[in-house]
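See below for the structure under consideration.
Since the model is a prediction, treat every value here as computed from it, not as a measurement. We count ligands from 1, going down the list as the structure has it; atoms in each ligand are counted the same way.
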Amino acid sequence: MPQSESSRLFNRARRVLPGGVNSPVRAFGAVGGRPPFIERARGARLHDVDGRSYVDYVMSWGPLIHGHAPPDLTRALRAAAGRGTSFGAPTAREVELARLVCRLVPSIERVRFVNSGTEATMSAVRVARAATGRDRIVKFAGCYHGHGDAFLVQAGSGATTLGVPTSPGVARATAADTLIATYNDIESVDRLCSAHRDAIAAVIVEPIAGNMGVVPPAPGFLDGLRGLCDRNGSVLIFDEVISGFRASKGGAQAVYGVTPDLTCLGKIIGGGLPVGAYGGRADLMERVSPAGPVYQAGTLSGNPLAMTAGIWALSKLSALLYRRLDKLGGRLANGLRDAAREAGVPLTVNAAGSVLTPFFSAGPVTDYASATAADTDAYAAFFRAMLERGVYPPPSQFEGWFLSDAHTERDVDRTVRAARQALADVRPAA
Ligand code: KE4
């Protein structure tokens with residue numbers, strides 16, 4: 001059989017890009033096979049260079065809540081590009097997006113735009129360390145906050161997917177300042193606060209975990225973190241890079257009614273262009289240069305094209321959109337549950353509105369240990385069978401399936417039909 005164009009491109013890619021990709025999980029290392037190279041996308045569909053199309057549930061790992069290439073967004077970007085792609089100087093658009101963010105997320109009194117979620121979380125931790133004069137942070141096993149050194153300790157997402165939750169190259173002293181707690185186990189955090197009293201600058205948490213697969217917070221967990229941080233004088237950082245503007249217009253903090261001191265944002269805030277942001281209490285954020293001494297900078301921060309896309313994406317958020325996405329997410333989650341029950345395959349589907357994860361496990365899945373007990377070989381077989389049937393889920397058991405306003409009930413029903421067939425291919429671990 002002649003070599004596919006994707007395969008030819010992958011061979012060329014691996015001679016110049018480590019693993020042939022610019023982000024590890026894209027290489028399909030955890031699910032087998034070779035990744036299709038994408039030529040274009042529109043709505044909920046990806047089209048690869050070999051003429052195949054797929055219903056997309058990666059959606060660029062979360063940013064595309066309105067779908068791929070919405071016509072009025074691409075029109076706005078064309079016009080913006082004609083006015084210049086980058087100035088390295090203040091623009092009205094970055095003020096407009098900042099005002100939008102502060103209005104949608106009231107805990108954010110000041111915000112700084114950066115170019116990725118990684119930059120956002122790195123910078124938020126720097127502010128917390130400066131404000132408290134402390135060095136240690138608490139993160140949760142299985143949570144992923146980008147590839148900053150301090151976070152690559154028992155990290156989720158691709159780090160877990162590829163079997164390196166704690167990355168080589170992270171200095172021992174850095175790793176020593178990162179304390180690990182168990183998600184949904186407030187006692188594990190309390191023990192760390194007692195053992196490291198007055199040394200913990202911040203607790204950083206995904207308020208709805210998405211990087212061990214989707215794991216919602218247990219009742220009282222987020223409130224418990226708020227109370228421990230208040231008692232311990234630590235900064236509570238919500239990493240809402242996934243849940244921001246996904247869980248609701250105000251993110252997970254609006255859904256659960258818990259107010260962090262700092263919030264990290266990404267993905268949806270850039271409408272598919274590279275934007276991250278961190279923000280929160282004015283007394284903390286006014287420490288950031290040039291208002292204060294905590295240095296943080298970026299050549300392309302506040303980039304006018306990215307600000308244009310972010311303004312468009314946030315301006316299109318509506319109560320109707322979230323009602324529709326929640327309904328679609330429930331349809332898909334229940335469809336997958338029914339398909340697995342009919343196939344006799346143990347499957348636990350964790351869902352949070354329009355993002356969900358089918359774990360190949362009898363469940364429940366409430367933390368990193370129960371998530372990583374899932375049958376990743378079964379997920380890989382299921383993934384390959386879905387891809388063959390024109391459905392593109394995330395190439396990892398430990399990621400979320402994202403829906404968008406471009407997905408339809410027909411897409412979801414087609415996905416569930418494909419899942420019924422694909423589950424017949426899955427041989428659950430004996
Ligand atoms: P980026 O630096 O990738 O923009 O954001 C890092 C980040 C921070 N916080 C959370 C909660 C995140 O989920 C992420 C990035 N998410 C992964 C997918 N779960 C990005 C995909 C990839 O690494 O290729």
Discussion item. Taking the basic N atoms (NZ, or NE/NH1/NH2) and the acidic carboxylate oxygens, is any pair closer than 4.0 Å for R281 and E109?
Written reply: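 No, R281 and E109 are not salt-bridged.
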Using the test side chain to side chain donor-acceptor pair (under 3.5 Å), find all partners of [X] that sit at least two apart in sequence or belong to another chain.
{"X": "S6", "answer": "D50"}
{"X": "Q253", "answer": "S107, E240, T263"}
{"X": "T182", "answer": "none"}

Worksheet entry | Within the 6.0 Å centroid threshold, strictly below: Y144 and F151 |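 No: the rings miss the under 6.0 Å criterion.
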Worksheet item: So is R14 actually on top of F10's ring, under 6.0 Å and inside 45° of the axis?
Response: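 Yes, R14 and F10 form such a contact.
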Worksheet item: If you count only heavy atoms, which residues are under 4.0 Å from ligand 1?
Response: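 Lining ligand 1 at under 4.0 Å, by heavy atoms, one finds S23, V25, W61, S116, G117, T118, Y144, H145, G146, S157, E206, N211, D239, V241, I242, K267, E399.
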